[in-house]
Peer 1: 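To start, I am sharing the structure in question, which I have written as structure tokens.
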Amino acid sequence: MKKIILVRYGEIILKGLNRPVFEEKLVGNIKKAIYKFGKSKVLKSQGRIYIEPEEENYDFDMVLHKVIKVFGVVSVSPVWKIDTDYEQIKAYSFKMASELVNQKRYKTFKVETKRGNKRFPMQSPEICNDVGGYILENIPGLSVDVHSPDFIMYIEVRENSYIYSETIKGHGGMPLGSNGKAVLLLSGGIDSPVAGWMMGKRGVEIEAVHFYSYPYTSERAKQKVIDLAQILSGFCGKIHLHIVPFTEIQLAINDNCPEEQLTIIMRRIMMKIAEQIARNSNSMALITGESMGQVASQTMHGLYCTDSAVNMPVFRPLIGMDKVEVVDMARKIDTFETSILPYEDCCTVFVAKHPQTKPKLDKILLSESKVDFEPLIKTAVETTEVIVIKP
Ligand code: ATP
Ligand code: MG
């Protein structure tokens with residue numbers, strides 16, 4: 001017998017003929033996430049994945065922690081895998097129940113049995129009664145509650161048998177890498193890390209770009225973005241973070257364009273540079289943390305002007321979300337505390353007092369034509385620093 005991890009996945013099961021491709025990707029991603037923590041076998045069987053440790057010092061808890069972050073995983077359970085033998089079933093159900101009662105002070109329970117192996121001589125209700133009775137007799141203070149027990153002891157009788165109780169929820173979604181790659185415009189704020197996470201959850205690999213305006217923004221502001229990318233990579237795997245020097249461009253916009261258009265023009269140039277990085281990195285779309293109406297540049301008119309700067313899809317997964325919803329998600333994915341550190345962003349350094357909320361594209365284009373952005377963009381792209389962030 002050994003303690004293993006049962007991994008459940010959801011939406012992939014709906015895939016028709018492509019299903020094995022998605023499953024293989026998921027198994028591969030799980031292997032990548034856990035290989036550092038000990039030798040194990042990762043096996044797929046009947047719509048589930050089992051992780052079976054193969055060494056003494058296997059870091060079981062760390063592996064659990066990593067697996068629930070893998071996109072595509074709906075839930076995991078620590079499980080005793082034992083022989084399909086009634087004495088073992090009873091003994092290990094009792095062992096797990098005693099551990100749970102000791103750790104969590106549970107008072108009530110019930111047993112549920114699934115018998116996939118029809119050759120096993122006992123039927124499910126009989127197993128439930130007998131094992132339940134044995135646990136009751138031997139753990140003082142515990143009673144049965146069939147309606148809302150503190151814990152359920154699950155027994156699955158198959159080729160082998162499986163005993164488990166705890167189920168830890170994952171994030172679901174699609175396996176990373178099953179839906180191409182996109183460039184995330186990653187600021188140091190609350191929104192963009194959440195936006196990247198949401199696309200990662202749908203299987204999109206992330207390439208990140210950050211614009212910084214040294215010395216108007218500090219080394220620590222840059223470090224904050226590296227830290228955010230590091231947290232994201234816990235979910236999204238390896239991330240190339242492109243740090244684009246943006247000072248010259250911002251100064252050029254500042255010196256030559258009308259103040260109320262500064263933000264929109266700056267955002268358009270960001271998009272153009274991000275598009276080049278996308279084309280150079282096999283990415284097919286851009287991702288931003290914009291949400292409808294959140295600030296002056298995120299109005300319908302503003303987004304129209306921003307979108308018109310590029311020729312690839314721009315995904316804005318937060319478009320319909322309220323700030324409080326985004327904050328909740330940022331907390332859930334652990335980026336919030338880093339995002340609220342008070343270092344300045346290049347957007348906040350050069351900011352108009354009264355930015356336009358209804359910019360007109362023709363007027364914006366006219367202002368842009370007064371600056372020769374091409375060489376500035378070229379230099380910015382050429383002097384971009386790429387940092388490889390590993391999970
Ligand atoms: P965030 O919380 O993500 O900073 P925000 O609400 O502050 O978003 P803006 O500052 O208007 O919004 O930026 C809108 C989007 O533009 C961001 O979500 C991000 O995708 C991108 N962005 C803004 N500043 C930068 C930057 N310095 N580097 C890279 N992307 C940026
Ligand atoms: Mg911002």
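Both ligands and their constituent atoms are indexed starting at 1 by order of listing. For this chain, numbers begin at 1 and follow the sequence in order. Values below: all heavy atoms of this structure, side chains included; hydrogens, waters and symmetry mates excluded.
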Peer 1: Answer yes or no for K3 and W80: cation-pi contact, defined as NZ/CZ to six-membered ring centre under 6.0 Å and angle to ring axis within 45°.
Peer 2: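 Here K3 passes the 6.0 Å and 45° test against W80.
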Peer 1: Out of all atoms in ligand 1, which are within 4.0 Å of some heavy atom of G189? Include the element for each.
Peer 2: 1 (P), 2 (O), 4 (O)
Peer 1: Any idea which atoms of ligand 1 are less than 4.0 Å away from a heavy-atom of H210?
Peer 2: 26 (C), 27 (N), 28 (N), 29 (C)
Peer 1: Which residues, ordered by chain and number, are linked to V324 in its hydrophobic cluster, where ILVMFWY side chains connect at heavy-atom gaps below 4.5 Å, directly or through other members?
Peer 2: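 Other cluster members: none.
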Peer 1: Looking only at heavy atoms, which two atoms of F211 and A274 are closest? And how far apart?
Peer 2: CZ-N, 4.4 Å
Peer 1: Under 4.0 Å from any heavy atom of V209, which atoms of ligand 1 are there?
Peer 2: 29 (C)
Peer 1: Does the side chain of S75 pick up a donor-acceptor pair with the side chain of R8 at under 3.5 Å?
Peer 2: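 Short answer, yes.
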Peer 1: Excluding sequence neighbours, so at least two apart, what forms side chain to side chain donor-acceptor pair (under 3.5 Å) with R202?
Peer 2: E11
Peer 1: Hey, what's the ring geometry for Y214 with Y212, parallel, tilted or perpendicular (30° and 60° as the breaks)?
Peer 2: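 If you compare the ring of Y214 with that of Y212, the planes turn out tilted.
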Peer 1: Would you kindly say whether T167 and S77 are connected by a side-chain donor-acceptor distance under 3.5 Å?
Peer 2: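 Distance-only check passes for T167 and S77.
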Peer 1: Which of the atoms of ligand 1 are close to Q298, meaning less than 4.0 Å from one of its heavy atoms?
Peer 2: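 The atoms of ligand 1 under 4.0 Å from a heavy atom of Q298 are 6 (O), 9 (P), 11 (O), 12 (O), 14 (C).
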Peer 1: What atoms in ligand 1 come closer than 4.0 Å to a heavy atom of S297?
Peer 2: 11 (O)
Peer 1: Hey, looking at atom 31 (C) of ligand 1, which of G188, P355, S187 has the closest heavy atom?
Peer 2: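 Closest candidate by heavy-atom distance is S187.
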Peer 1: Does an N or O anywhere in M270 fall below 3.5 Å from an N or O of ligand 1?
Peer 2: no
Peer 1: Quick one: which ligand 1 atoms are inside 4.0 Å of a heavy atom on G289?
Peer 2: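 With G289 as reference, the close atoms of ligand 1 come out as 17 (C), 18 (O), 20 (O).
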Peer 1: Which of the numbered atoms in ligand 1 are below 4.0 angstrom from a heavy atom of D191?
Peer 2: 1 (P), 2 (O), 3 (O), 5 (P), 6 (O), 8 (O)
